[in-house]
Trainee: 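Sharing a structure with you now.
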2 protein chains.
Amino acid sequence: MARPRQFDEERVLHAVRDQFWDAGYAATSLEDLLRVTGLGKGSLYAAFGDKRRLFLRALRSYTDVSHGYLREMLDSTPRALDALRTFVMAPVSDAGAARRGCLMANSTCELATADPDVLTEARRTYEATTALVAECVVRAQDEGDVPPDADPIETARALLAAQQGLVFMGRTGMEIGTLTATARSLVDQLLPGAPTS
Amino acid sequence: MARPRQFDEERVLHAVRDQFWDAGYAATSLEDLLRVTGLGKGSLYAAFGDKRRLFLRALRSYTDVSHGYLREMLDSTPRALDALRTFVMAPVSDAGAARRGCLMANSTCELATADPDVLTEARRTYEATTALVAECVVRAQDEGDVPPDADPIETARALLAAQQGLVFMGRTGMEIGTLTATARSLVDQLLPGAPTS
DNA sequence: CGAGTGGTGGACCGATCGGTCAAGAATTAC
DNA sequence: GTAATTCTTGACCGATCGGTCCACCACTCG
């Protein structure tokens, strides 16, 4: 045993994630990372490896947390149809979040062709999300809110595509009201049925 | 008059666009641009200004050309409903194009928060596209293929969001068959009606 | 309390970044 | 043919890049 670390690993990952989220991977310099974490180069490199590894680590942390939130939301919403609607509408929750977009989506657009590990992480994430949503679709079918002949996986993929489309529209700076209306329109067509109580 | 240029401006812009498309803005170095264009630094700078200006120029060229293609497709398709379906399905036309995504979409994800000019270009482009598609929606209403009470602009925005969602899913490397199925699913729900003859 | 261990901070590195500039080559106008 | 003018080439610039390394320090353990 010797001198203990003077930083909290989670806090560092959180700061790093925000930096990459706001500026992107390539546009974030090592100096930026030192500034937002308050660490020295030696500490950062000893703890996380180089810039790319640190990025992948932050990205994984982000997707894990997001996955947890999604599962919790899907599971805790009484009516599955409402959960699915909330899922699609998520990118529209507030204007700030809408412009920021999704770290995984931003990273995919920036790096999917250049970094195989990012691409792998993207596929992993979206397959996991699809599975989670599909499970919820099945529940909605049991509850009589989604036609029983619909393929759950295919339905989940369509909902995910719609959601990602909204994420993207938000990133273009579309006004939040307009974005919300578009989201409602998509939800109404993809998930028809009695409105939320 | 004096020595004429030894390069074709359009060829250069084309090469530059492809480079930015494949690697992104930040990850493209000046050296990359010299390589793909075959020009020297002086020529490039004299003709187009710095890297950022050149990028914006290539981006504008890209959106103009895309807009032209879209208008032509929408106008030349006999049945408006088919044109709308083709519009949504466009990102799925082939696997290569699907992985490459859309230069404007990629650029928006990478730079929307950092470069106001890119954001402006994004809004301009998507508003123009919405207008074009909305016009086609009106035609589809005249032809009895879209409910007359639907708001054309709102319908166009929903279709655009769905299309951009598909663009993004393609960028994650989703297999082309799966992507096509998802696209069909979205089209069937957002644009119901008699199938294409 | 002294030795040993691991963390920290910053000096330092070569490479590469975007960008400038000047000298020479190619062309036109006269 | 010559002068004027534009384009081309590549040497060169300071800044910054990501990354390494080491002297110093704080802490634990015996």
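Predicted model only: the values in this text are computed from it and were never measured. So that the names make sense, note that chain A is the first sequence line, chain B the second, and so on, each numbered from 1.
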Trainee: Taking atom CZ of A:Arg11 as the centre, report whether more than 12 heavy atoms of other residues, nucleotides or ligands fall under 6.0 Å from it.
Mentor: no
Trainee: Rounded to whole angstrom units, what separation is found between the CD atom of A:Gln6 and the P atom of C:dT5?
Mentor: 20 Å
Trainee: Which nucleotide in the set D:dC17, D:dC7, C:dT20 lies at the smallest distance from any side-chain heavy atom of A:Glu31?
Mentor: D:dC17
Trainee: Has B:Arg124 got more than 12 heavy atoms of other residues, nucleotides or ligands less than 6.0 Å from its CZ?
Mentor: yes
Trainee: Which whole-number value in Å describes the distance from B:Lys51 NZ to D:dA15 C1'?
Mentor: 15 Å
Trainee: In whole Å, what is the span from the CZ atom of B:Phe48 to the C1' atom of D:dC7?
Mentor: 13 Å
Trainee: Kindly say if B:Ser29 contacts the phosphate of C:dC17, meaning a side-chain N or O under 4.0 Å from OP1 or OP2.
Mentor: yes
Trainee: My understanding is that only one of A:Trp21, A:Tyr69, A:Phe55 makes a ring pair (Phe, Tyr, Trp, His ring centres under 6.0 Å) with A:Tyr62; could you say which?
Mentor: A:Trp21
Trainee: Both B:Leu30 and A:Phe7 contact DNA chain C. Which one's nearest nucleotide lies toward the 5' end?
Mentor: A:Phe7
Trainee: For A:Gly42 and for A:Asp32, find the nucleotide of DNA chain D with the closest heavy atom, then tell me which residue's nucleotide is more 5'.
Mentor: A:Asp32
Trainee: Tell me: CZ of A:Phe55 to P of D:dG18, nearest whole Å?
Mentor: 14 Å
Trainee: Rounding to an integer number of Å, can you tell me how far B:Tyr45 OH sits from C:dC17 P?
Mentor: 12 Å
Trainee: Just the rounded figure in Å: distance from C1' of D:dT5 to CZ of B:Arg5.
Mentor: 14 Å
Trainee: Between D:dG10 atom C1' and B:Leu39 atom CG, what is the distance in whole Å?
Mentor: 13 Å
Trainee: Counting only heavy atoms from other residues, nucleotides and ligands, does the tally under 6.0 Å from CD of A:Glu143 exceed 12?
Mentor: yes
Trainee: OH of A:Tyr25 versus P of D:dC17: gap in Å, rounded?
Mentor: 13 Å
